[in-house]
Amino acid sequence: MTDTATTTIDPAAVTPSPGIATVGILGSGIMGAGLAEVAARAGYTAIVRSRSQAAADAMVASIAKGLAKQVERGKLAEADRDAILGRLLATADLAGLADCDLVIESVVEDLAVKKDLFAQLDGIVKPSAILATNTSTLPVVDLAMVTNRPDQVCGIHFFNPAPAMKLVEIVRPLTASDATIETATAFAAACGKDAVEVKDQAGFIVNALLFPYLNNAIRLAEQGTASIADIDTAMKGGCNFPMGPFALLDLVGLDTSLAILDALYDEFRDANYAAVPMLRRMVAAGRLGRKSGRGFLEYTR
Ligand SMILES: NC(=O)c1ccc[n+]([C@@H]2O[C@H](COP(=O)([O-])OP(=O)(O)OC[C@H]3O[C@@H](n4cnc5c(N)ncnc54)[C@H](O)[C@@H]3O)[C@@H](O)[C@H]2O)c1
């Protein structure tokens, strides 16, 4: 997870994935916003659904602001910016996603919330549509099984910030058809991403390996072994990582990080995944990282 430059895709050069023209994005948080930008840049019509029209509109406005900066810096042509924004729609109504060919759910990392939304979506979107989740850790099969199209459900797991990060994990639950996985992989490629396929197991590849490291960094700080600032400096300078573990935890969001660790621990009962108490207390105190202005570090908005 780095602050590298945004992936630039020439919309004219896009080969859309077969059968996909309109992509629905459920959720307008950190990842929902990133996914909407990625899909619209890749030439798809992207419809973002948030629980309130104000939140959905605010998300589109924040994407517009980011694109305007790229135009100012000469990284994006004005006409391309206008075309991207022309493909971005926002709604507060779940039924607004009815005509989507692919819906990517990216709401809070809570299985009950996601299951409820998948069951509702299944009754709204057309029978041919693929329903995907951007979950970091939760069992994709549980979402597939609340629908009447378990063969058309998979994980499409982007990384944060989605416009900049190259990787997408394509998560194959036991129920998914080969055609669904192929379409999801083609969609990721059309978005300019490198796709890897992984079984439906908590944490997939990246988070299964990353989160023991992040959790143990908090443990080191909690034990007083070194300061937060020195641990971040050490991992950047000593391992050539683009950011230290605390900057990364704040970028991911501490509530999301806690939910990821809890899901990993639930699945594997491995002590490395047992969330360090300090993390749980930080979330209880509302210190969620960048998105709340304060996490392990402080941010001016
Ligand atoms: N943050 C990351 O680095 C990252 C990376 C990859 C994947 N993810 C995954 O993406 C998903 C979203 O994470 P995020 O970081 O964007 O979180 P976020 O906290 O920024 O946004 C969460 C979104 O969920 C919505 N929401 C909350 N409760 C809801 C409900 N009951 N019904 C409908 N919508 C609800 C919120 O309004 C918000 O739009 C999670 O599944 C997370 O695991 C996160």
Side-chain angles (χ1 to χ4, degrees), residues 1 3 6-9 11 21-72 75-76 80-110 113-114 117-118 120-121 124-125 131-136 156-165 168 187 191-193 250-256 259 286 288-293 295 299-301:
M1 300 181 189
D3 283 326
T6 301
T7 311
T8 307
I9 293 169
T22 304
V23 179
I25 314 282
L26 211 48
S28 58
I30 302 172
M31 291 306 291
L35 297 188
E37 181 179 336
V38 166
R41 269 180 178 275
Y44 297 101
T45 299
I47 310 177
V48 181
R49 187 268 178 173
S50 194
R51 283 174 297 176
S52 77
Q53 188 66 43
D57 291 341
M59 197 213 71
V60 173
S62 84
I63 293 175
K65 206 169 146 192
L67 295 177
K69 277 193 194 146
Q70 289 179 39
V71 172
E72 266 168 43
K75 289 187 169 175
L76 183 69
D80 288 343
R81 185 265 313 269
D82 295 346
I84 293 167
L85 289 176
R87 288 191 290 268
L88 259 180
L89 307 171
T91 179
D93 187 1
L94 211 52
L97 303 183
D99 291 331
C100 291
D101 305 299
L102 165 69
V103 177
I104 309 177
E105 166 281 312
S106 191
V107 305
V108 65
E109 187 77 339
D110 179 315
V113 172
K114 289 182 191 284
L117 283 170
F118 266 72
Q120 287 187 59
L121 269 178
I124 288 172
V125 298
L131 301 180
T133 175
N134 186 37
T135 182
S136 302
I156 305 184
H157 183 217
F158 285 80
F159 289 80
N160 181 14
M165 300 297 283
V168 168
F187 168 74
C191 290
K193 305 299 182 188
D250 280 356
L251 177 71
V252 171
L254 301 192
D255 51 344
T256 302
L288 306 183
R290 275 178 186 268
K291 64 185 165 188
S292 69
Y299 304 87
T300 46
R301 292 201 226 191

(request) Specify whether Phe187 and Tyr44 have parallel, tilted or perpendicular ring planes, treating 30° as the upper limit for parallel and 60° as the lower limit for perpendicular. (result) tilted
(request) Step by step, work out the side chain to side chain contact (heavy atoms under 4.5 Å, CB included) result for Val113 and Val107. (result) CA-CA 8 Å; Val113 172; Val107 305; 4.0 Å; yes
(request) Provide the closest heavy-atom pair for Ala21 versus Asp101 in the form atom of the first, atom of the second, distance. (result) N-OD2, 2.8 Å
(message) Can you see whether Tyr299 engages Asp250 through a side-chain donor-acceptor pair at a distance of less than 3.5 angstrom?
(response) yes
(message) Any heavy-atom pair between the side chains of Leu88 and Ile63 that's under 4.5 Å?
(response) yes
(request) Show the numbers, then the answer: is there a side chain to side chain contact (heavy atoms under 4.5 Å, CB included) between Leu117 and Arg49? (result) CA-CA 12 Å; Leu117 283 170; Arg49 187 268 178 173; 4.3 Å; yes
(message) I'd like to check the side chain to side chain donor-acceptor pair (under 3.5 Å) partners of Thr133; sequence neighbours left out, ordered by chain and number.
(response) Glu105
(message) Is the shortest side-chain heavy-atom distance between Thr256 and Val108 below 4.5 Å?
(response) no
(message) Can you give me the closest heavy-atom contact between Ala55 and Ser50, atom names plus distance?
(response) CB-OG, 3.4 Å
(message) Donor-acceptor check, side chain of Arg87 to backbone of Ala40, threshold 3.5 angstrom: yes or no?
(response) yes
(request) Answer yes or no: is there a donor N or O on one side and an acceptor on the other, between the side chain of Lys193 and the main chain of Met165, under 3.5 Å? (result) yes
(message) Is there a side-chain contact between Ile104 and Leu102 in this structure, where contact means two heavy atoms from C-beta onward sitting under 4.5 Å apart?
(response) yes
(request) Please answer whether the main-chain N or O of Phe158 pairs with a side-chain N or O of Asn134 as donor and acceptor at a distance below 3.5 Å. (result) yes
(request) Using a 4.5 Å cut-off on heavy atoms from C-beta on, say whether the side chain of Arg41 contacts that of Leu67. (result) yes
(request) Could you tell me whether the side chain of Lys114 reaches within less than 4.5 Å of the side chain of Glu109, counting heavy atoms only? (result) yes
(message) Is there a side-chain contact between Ser136 and His157 in this structure, where contact means two heavy atoms from C-beta onward sitting under 4.5 Å apart?
(response) yes
(message) Restricting to non-hydrogen atoms, name the atom on Ala90 and the atom on Val60 that form the minimum distance, rounded to 0.1 Å.
(response) CB-CG2, 3.8 Å
(request) Would you please test Val48 and Leu35 for side chain to side chain contact (heavy atoms under 4.5 Å, CB included) and show each step? (result) CA-CA 9 Å; Val48 181; Leu35 297 188; over 6 Å; no
(message) Donor-acceptor check, side chain of Asn160 to backbone of Leu251, threshold 3.5 angstrom: yes or no?
(response) yes
(request) Indicate yes or no: at least one non-hydrogen side-chain atom of Ile25 is less than 4.5 angstrom from one of Ile47. (result) no
(request) Apply the side-chain contact (heavy atoms from CB on, under 4.5 Å) test between Gln70 and each candidate in Asp80, Ile84, Leu76; give the one that qualifies. (result) Leu76
(request) Using the test side chain to side chain donor-acceptor pair (under 3.5 Å), find all partners of Asp57 that sit at least two apart in sequence or belong to another chain. (result) Gln53
(request) Test Leu121 against Leu97 for side chain to side chain contact (heavy atoms under 4.5 Å, CB included), laying out the working first. (result) CA-CA 8 Å; Leu121 269 178; Leu97 303 183; 4.1 Å; yes
(message) If you apply the rule salt bridge (charged side-chain N to carboxylate O under 4.0 Å, His left out), what do you find for Lys291 with Asp255, and how did you get there?
(response) CA-CA 10 Å; Lys291 64 185 165 188; Asp255 51 344; 2.9 Å; yes
(message) If I compare all heavy atoms of Cys191 with all of Ala42, which pair ends up nearest, and what's the gap?
(response) CA-CB, 3.9 Å
